[in-house]
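In this text the structure is predicted, and so the values were computed from the model without any measurement. Computed over heavy atoms, backbone and side chain alike; hydrogens, waters and symmetry mates excluded.
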Amino acid sequence: MTGPTSTTDTTTGAVGQLLARSHALGADPRFTNYAGGNTSAKVTGTDPVTGREVELLWVKGSGGDLGTLTEQGLAVLRLDRVRALRGTYPGVEREDEVVAAFDFCLHGKGGAAPSIDTAMHALVDAAHVDHLHPDAGIAVACAADGEELTRRIYGGKVVWVPWRRPGFQLGLDVAAIHEQHPDAVGCVLGGHGITAWGDTSEEAEANSRWIIETAEAHIAEHSRPEPFGPVLDGYAALPAAERRARAAALAPVVRGIASHDAPQVGHFTDADVVLDFLSREEHPRLAALGTSCPDHFLRTKVRPLVVDLPASAPLEEVTARLHELHEAYRADYRAYYERHATADSPAMRGADPLIVLVPGVGMFSYGRDAQTARVAGEFYVNAINVMRGAEGLSSYAPIPESEKFRIEYWALEEAKLARMPKPRPLATRIALVTGAASGIGKAIAVRLAAEGACVVVADLDLAKAREAAAEIAGAKGADVAVGVAADVSDPAAVAAAVEEAVLAFGGLDLVVNNAGLSISKPLLETTERDWDLQHDVMAKGSFLVSQAAAKVLIAQGMGGDVVYIASKNSVFAGPNNIAYSAVKADQAHQVRLLAAELGQYGVKVNGVNPDGVVRGSGIFAGGWGAQRAATYGVPEEELGKYYAQRTLLKREVLPEHVAAAVFVLTAGELSHTTGLHVPVDAGVAAAFLR
């Protein structure tokens with residue numbers, strides 16, 4: 001027994017070969033894009049009920065990615081039952097009904113949900129089939145004379161198939177090509193991609209590679225120079241440092257535009273391929289034509305928003321123009337929807353752009369999370385490559401707008417969106433936590449990431465910040481958390497950290513002022529340096545971080561949260577603690593002052609007042625614990641218990657309890673709460689707020 005069905009050793013070996021082929025093809029962005037394309041193998045297996053041998057189709061399921069495909073990501077169907085659908089197929093006008101019929105063709109538990117391309121794999125009478133979306137192949141598929149190019153490039157070994165929306169009829173079309181052209185190794189699907197086949201897994205992969213590499217070689221040899229035209233005056237890429245600074249300044253504005261209908265996470269790239277495209281004369285015309293491959297425009301919308309100003313334009317002019325272009329984009333998208341929507345079309349999902357192109361600067365892309373935003377950008381890079389190839393050989397001619405609408409507002413696509421899991425409470429929110437490499441700050445970063453936020457781990461120690469971010473993110477890496485250096489007492493370092501956060505995820509929503517240190521001394525032993533150090537890091541540091549973050553929050557126009565990790569000592573007068581308690585009182589009043597000032601922008605400012613967080617605390621481990629233990633006359637290892645016994649609840653406070661308070665303040669349920677301090681001290685009566 002393996003995976004979702006009973007299998008023989010032969011099946012197990014074939015599945016292993018299928019996965020290996022999928023990984024090899026999916027690992028190369030020249031061959032297919034993320035989650036694009038599918039592969040299959042037809043093998044003999046054992047019916048788990050009758051014990052008889054049956055022909056099975058193992059095929060990548062809906063939504064999977066070839067490069068990371070596992071056995072659980074494969075759909076397993078009875079081949080005889082899928083092919084029997086030919087007899088009940090109701091025709092192209094009702095072909096979507098066939099997708100529901102796939103559920104009655106599953107073998108055993110069936111594995112992953114079958115994709116719309118299942119019919120192509122089942123109906124083609126070849127043991128192994130690959131369907132891919134390579135840039136070079138789509139360039140041929142989207143060229144104005146794609147059919148003639150296919151004949152010229154491949155002779156009779158690859159056959160042209162006119163555009164048809166994916167589905168059962170396309171499967172019949174490709175099956176007919178395979179049957180009628182026995183010498184062919186595959187086909188070019190107009191406006192879409194390629195399909196290849198073989199008697200063995202090795203042969204199918206070799207044929208896929210040959211089709212793609214042959215197209216690449218033909219484009220390289222025959223493309224006209226400068227397919228995007230000459231460089232426009234003033235549109236060349238800005239110098240790297242200037243480019244990044246301008247991107248960081250524009251990012252909050254652009255994110256606010258992309259999030260008009262629903263909050264989005266952003267991604268920025270200034271890759272050479274993007275900058276070159278935006279510098280060229282033909283980029284406005286080509287961008288307006290939109291992307292073509294269904295996988296592309298489902299991720300990018302049918303066309304991007306393009307700033308029509310040179311790179312040298314003043315920042316204020318670009319910002320003003322972005323808002324004007326956004327209004328025009330929304331009106332244009334609504335008109336597109338109304339041109340093609342029918343009575344049974346899904347409601348319009350949103351009219352904001354997912355791709356925003358700024359000449360000289362780069363590309364901003366957006367999605368429901370950082371991975372989706374990053375992948376949307378990757379897909380538009382694919383689209384640029386397709387345009388270059390098509391323009392180099394012929395002219396770029398994507399599928400008609402009406403067909404794009406049929407894909408974008410397909411009932412099957414709507415059903416896929418409806419099946420998506422409910423987003424976590426902090427999904428789409430971008431958090432910056434200072435002092436987050438250890439202790440309370442790290443616990444906060446961990447909790448926010450677990451609740452769906454993208455997290456920027458800021459710490460004085462860059463190596464530790466990156467280590468903590470890697471630990472928090474796990475396999476998802478920079479799509480979840482990044483580590484940055486931040487000396488919060490240095491305005492330039494704070495500005496750089498906020499800039500890195502904005503470029504990593506598109507903006508900011510949630511800022512936690514946690515960075516701190518503590519020196520426990522009586523008044524007469526507290527030096528001027530002690531006083532200045534504590535005030536520089538906590539009073540000045542939280543001021544600088546809040547100031548830099550507020551600029552982003554205001555520019556975005558999406559509200560936000562600022563949280564101060566203050567202390568019970570901000571309201572409680574204890575011994576030998578003059579500098580620390582005074583600076584915590586400063587932070588506590590910053591909360592009130594900023595709540596009053598930033599409320600007009602929808603920004604909530606609240607505080608958390610912990611007490612005695614000993615375990616896992618960087619401050620206590622750095623000498624503060626020993627100093628406080630000496631003050632209270634207890635062994636340092638007993639300090640946490642000592643603090644617990646002086647509380648009303650007799651409970652020790654841990655970093656996770658502080659993190660929970662931050663989550664409660666920012667997760668949405670307290671949407672009307674600002675200027676509040678939440679005690680997390682297990683009950684210290686002397687620190688009750690009055």
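At least one donor-acceptor pair under 3.5 Å links the side chain of Ser542 to the backbone N or O of Ala539. Between the side chain of His677 and the main chain of Ala588, a donor-acceptor pair closer than 3.5 Å is present. Asn606 places a side-chain N or O within 3.5 Å of a backbone atom of Thr673 that can act as its donor or acceptor partner. A side-chain donor-acceptor contact under 3.5 Å links Gln556 to the backbone of Leu508. Using modelled atom types, no side-chain atom of Asp681 and backbone atom of Thr647 make a donor-acceptor pair closer than 3.5 Å. Using modelled atom types, one side-chain atom of Ser259 and one backbone atom of Gln264 make a donor-acceptor pair closer than 3.5 Å. For the pair Lys464 (side chain) and Ala436 (backbone), a donor-acceptor distance under 3.5 Å is absent. Here the side chain of Asp352 pairs a donor or acceptor atom with the backbone of His260 at under 3.5 angstrom. Although no hydrogens or angles enter the test, the distance criterion places a donor-acceptor pair under 3.5 Å between the side chain of Lys604 and the main chain of Leu665.
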Show the atom names and distances, to 0.1 Å, of all donor-acceptor pairs under 3.5 Å that link a side chain in residues 234-242 to residues at least two apart or in another chain.
none

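Across every non-hydrogen atom of Asp490 and Ala492, the tightest pair is OD1-N, 3.0 Å. Pairing each heavy atom of Val253 with each of Leu322, the nearest pair is CG1-CD1, 4.3 Å. Listed here is the closest heavy atom pair of Val480 and Ala473: CB-CB, 3.8 Å. Looking at every heavy atom in both residues, Ala287 comes nearest to Val306 through CB-CG2, 3.7 Å.
No side-chain heavy atom of Ser365 sits less than 4.5 Å from a side-chain heavy atom of Phe379. You'll find the side chain of Gln587 stays beyond 4.5 Å of the side chain of Val591, heavy atoms only.
Counting only residues at least two apart or on different chains, the salt bridge (charged side-chain N to carboxylate O under 4.0 Å, His left out) pairs with a member in residues 359-375 are Arg374-Glu378, Arg374-Asp479. Residue pairs meeting the side-chain hydrogen bond (donor to acceptor under 3.5 Å, both in side chains) criterion with at least one member in residues 427-436, sequence neighbours excluded: Arg429-Asp561. Here side-chain hydrogen bond (donor to acceptor under 3.5 Å, both in side chains) pairs that include residues 499-514, with residues two or more places apart or in two chains, are Arg255-Asp509, Asn513-Ser546.
In this structure, Arg349 satisfies the cation-pi test against Tyr409, with its NZ or CZ atom closer than 6.0 Å to the six-membered ring centre and inside 45 degrees of the ring normal.
Every salt bridge (charged side-chain N to carboxylate O under 4.0 Å, His left out) that Glu652 has, sequence neighbours left out, goes to Arg615. Partners of Phe268 by ring pair (Phe, Tyr, Trp, His ring centres under 6.0 Å), not counting sequence neighbours, listed by chain and number: Phe364.
Atom OH in Tyr643 sits 6.5 Å away from atom NZ in Lys568 (nearest 0.5 Å).
Environment of CZ in Arg424: crowded, with over 12 heavy atoms of neighbouring residues, nucleotides or ligands closer than 6.0 Å. Around atom CD of Glu669, no more than 12 heavy atoms belonging to other residues, nucleotides or ligands sit under 6.0 Å away.
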| request: Could you walk me through whether Val361 and Asp270 pass the side-chain contact (heavy atoms from CB on, under 4.5 Å) test, one step at a time? | output: CA-CA 6 Å; Val361 177; Asp270 55 356; over 6 Å; no
| Between Gln534 and Met538, is a side-chain contact (heavy atoms from CB on, under 4.5 Å) present by the stated rule, with each step listed? | CA-CA 6 Å; Gln534 298 227 107; Met538 290 185 284; 4.0 Å; yes
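Tested against Val605, the residues Leu676, Leu594, Leu593 include a single side-chain contact (heavy atoms from CB on, under 4.5 Å) partner, Leu594.
With salt bridges taken as basic N to acidic carboxylate O contacts below 4.0 Å, none links Lys442 and Asp459. A salt bridge links Arg447 with Glu451; the closest basic N to acidic carboxylate O contact falls under 4.0 Å. Arg321 has no carboxylate O lying under 4.0 Å from a charged side-chain N of Glu317, or vice versa, which leaves the two without a salt bridge.
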